[in-house]
Amino acid sequence: MPELPEVETIVRNLNAASLPGKTVTGANIYWRKIIANLSPGEFIQKITNRTIVKLRRRAKFIILDLDNSSQLLVHLRMSGRLYLGPTSATRNKHEHVILHLNDNRDLRFYDTRKFGRMILTKNPDTILQNLGPEPLSDEFTVKQFITMLKSKTRQLKPLLLDQTFIAGLGNIYTDEALWRARLHPLTIAATLTPYKISTLHTAIRFVLQQGIDNQGTSLGDGQSNFASAENRRGNNARNLMVFRRTDQECPRCGTKIKRIIIGQRSTHICPKCQKHP
DNA sequence: TTTGGTGTTTCGAG
DNA sequence: CCTCGAAACACCAA
């Protein structure tokens with residue numbers, strides 16, 4: 001569920017709630033597989049008494065920089081949430097890791113499907129160095145995007161979902177960006193003209209920024225659905241033009257939106273606006 | 001009640 | 001290098 005805009009929203013929430021500067025006084029682990037690289041005992045020993053210096057996002061990772069130059073990487077995968085609350089609050093059964101802070105609050109990791117992961121390490125680059133560029137950064141230019149795409153023989157949809165190619169896109173924003181750029185998701189990357197690449201570049205940045213501006217996309221209202229660190233739903237669902245709008249009208253041309261499967265992922269297109277070349 | 005689908009990532013086989 | 005299928009797990013809608 002959480003893609004770049006949702007993760008960015010959570011990071012901004014936690015920064016606004018003054019998580020940086022707080023010290024971890026202890027931890028509880030209720031599902032050991034969430035901690036990907038350490039045993040529960042090692043994790044608790046290494047995180048206790050560490051102060052959180054800085055909080056930021058890279059791709060879909062939430063990164064907590066700690067005062068001994070180690071970092072805690074948090075990946076929410078499908079259904080993870082991260083939020084602050086009073087230590088006195090009763091534990092929800094989906095809260096799998098709880099960090100106690102020195103201000104009577106907890107940082108709690110909640111995840112109905114238990115796919116999310118936390119990694120505490122002094123060598124985060126072994127994970128982060130494989131990630132593609134940040135699509136909203138100044139370094140991600142049309143010129144660079146042209147270079148990235150021209151050698152790729154893959155289909156656009158699986159390519160854009162590949163975090164080693166470009167960071168932060170997931171199923172929702174990929175479908176939305178391809179619709180805006182009027183590109184069929186099965187188009188082979190290397191066949192794009194520089195003009196179409198420029199269009200796609202603009203579309204990707206537009207849908208991600210719009211998602212951030214609206215504090216993320218929440219569909220449905222189940223326990224696995226996106227909620228910010230302030231336990232609020234995102235407002236971006238109203239801006240979705242194709243995603244999960246099967247059989248509804250394309251906002252641009254009125255044609256009924258189709259749902260197809262590409263790379264085992266549900267994919268939504270307007271068959272008139274997005275022609276398969 | 002049972003089934004199929006879910007916004008992610010990783011792994012191995014071909 | 002690329003594609004596919006499966007797996008990790010719980011929930012929800014049909």
Side-chain angles (χ1 to χ4, degrees), chain A residues 1-10 30-37 57-62 73-82 92-97 109-119 126-128 130-132 148-179 185-191 207-208 210-212 214-228 233-237 239-247 259-268:
Chain A
M1 125 219 227
E3 306 179 29
L4 187 154
E6 289 74 34
V7 178
E8 179 67 25
T9 298
I10 289 169
Y30 300 92
W31 190 261
R32 59 166 24 225
K33 290 174 73 173
I34 301 293
I35 312 298
N37 65 329
R57 178 190 64 74
R58 169 73 172 107
K60 299 177 193 172
F61 285 93
I62 299 164
L73 309 184
V74 182
H75 200 298
L76 304 173
R77 292 279 183 96
M78 293 286 274
S79 55
R81 299 179 185 179
L82 193 65
N92 180 290
K93 67 173 179 178
H94 298 301
E95 290 173 347
H96 306 307
V97 177
F109 178 81
Y110 166 111
D111 190 355
T112 55
R113 294 181 69 179
K114 299 176 176 167
F115 290 172
R117 293 293 179 262
M118 300 178 96
I119 300 154
T126 58
I127 294 166
L128 302 178
N130 297 319
L131 294 166
M148 290 165 61
L149 285 163
K150 69 179 176 192
S151 61
K152 299 293 177 189
T153 58
R154 300 174 67 184
Q155 300 162 342
L156 282 180
K157 168 107 183 194
L159 184 62
L160 295 175
L161 288 174
D162 183 345
Q163 300 300 297
T164 69
F165 178 74
I166 185 170
L169 287 167
N171 218 23
I172 297 178
Y173 296 99
T174 299
D175 280 7
E176 294 298 313
L178 288 170
W179 177 85
L186 292 176
T187 308
I188 300 301
T191 66
V207 298
L208 292 176
Q210 185 180 53
I212 293 172
N214 289 286
Q215 298 168 86
T217 300
S218 299
L219 300 163
D221 47 28
Q223 301 179 84
S224 306
N225 198 33
F226 171 70
S228 73
R233 296 166 54 78
N235 299 314
N236 197 55
N239 294 314
L240 300 185
M241 301 293 148
V242 286
F243 192 82
R244 290 208 196 156
R245 294 191 67 246
T246 310
D247 291 332
R259 175 177 174 272
I260 58 179
I261 303 294
I262 300 174
Q264 300 118 247
R265 306 300 301 279
S266 191
T267 301
H268 309 78

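Chain letters run A, B, ... following the sequence lines, proteins first, then strands; residues in each count from 1.
Each of A:Q223 and A:W31 has a nearest nucleotide on DNA chain C; the 5'-most of these lies closest to A:W31.
Screening residues 218-228 of chain A for salt bridge (Lys or Arg N to Asp or Glu O under 4.0 Å), with sequence neighbours left out, gives no hits.
The main-chain N or O of A:T217 is never found under 3.5 Å from a side-chain atom of A:N235 such that the two would form a donor-acceptor pair. Of the possible polar contacts, one joining the A:Q163 side chain to the A:L169 backbone as a donor-acceptor pair under 3.5 Å is found. At distances below 3.5 Å, not a single donor-acceptor pair connects side-chain atoms of A:Q210 with backbone N or O atoms of A:N236. Side-chain N or O atoms of A:E3 include one that pairs as donor or acceptor with a backbone N or O of A:I172 at under 3.5 Å.
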What string of B, S and - do you get for nucleotides 5-14 of chain B 5' to 3' if you count protein non-hydrogen atoms under 4.0 Å?
SBBBS-----
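Atom CZ in A:F165 sits roughly 14 Å away from atom C1' in C:dC1 (whole-Å rounding). One atom, CZ of A:R154, and another, P of C:dC4, lie 10 Å apart when rounded to the nearest Å. Per the geometry, CZ belonging to A:R32 stands 17 Å off P belonging to C:dA8, to the nearest Å. At whole-Å resolution of the value, CD1 in A:I262 and P in C:dC4 are 10 Å apart. In this structure, A:D221 atom CG and C:dC11 atom P are separated by 15 Å, rounded to whole Å.
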Evaluate the criterion side-chain hydrogen bond (donor to acceptor under 3.5 Å, both in side chains) for residue pair A:T164 and A:N130; output intermediate values, then yes/no.
CA-CA 6 Å; A:T164 69; A:N130 297 319; over 6 Å; no
side-chain hydrogen bond (donor to acceptor under 3.5 Å, both in side chains), that's the test. Do A:T112 and A:S224 meet it? Break it down for me.
CA-CA 6 Å; A:T112 55; A:S224 306; 2.8 Å; yes
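Taking atom P on both B:dG7 and C:dC2, the two are 23 Å apart, rounded to the nearest angstrom. For the P atoms, the distance linking C:dG5 with B:dG4 amounts to 16 Å, nearest Å. B:dT1 sits 24 Å from C:dC9 when the P atoms are compared, rounded to a whole Å.
The shortest distance between side-chain heavy atoms of A:D175 and A:T267 falls below 4.5 Å. By the 4.5 Å heavy-atom criterion applied to side chains, A:L73 and A:I127 are counted as neighbours.
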Under the rule of Watson-Crick or G-U wobble with both distances under 3.5 Å, where | means paired to another strand and [ ] a crossing pair, DNA chain C maps to .|||||||.|||||
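For A:K114 and C:dA10, the shortest distance from a side-chain N or O to OP1 or OP2 is below 4.0 Å.
With C:dC9, C:dC2, C:dC11 as the choices, the nucleotide that has an atom nearest any side-chain atom of A:H94 turns out to be C:dC11.
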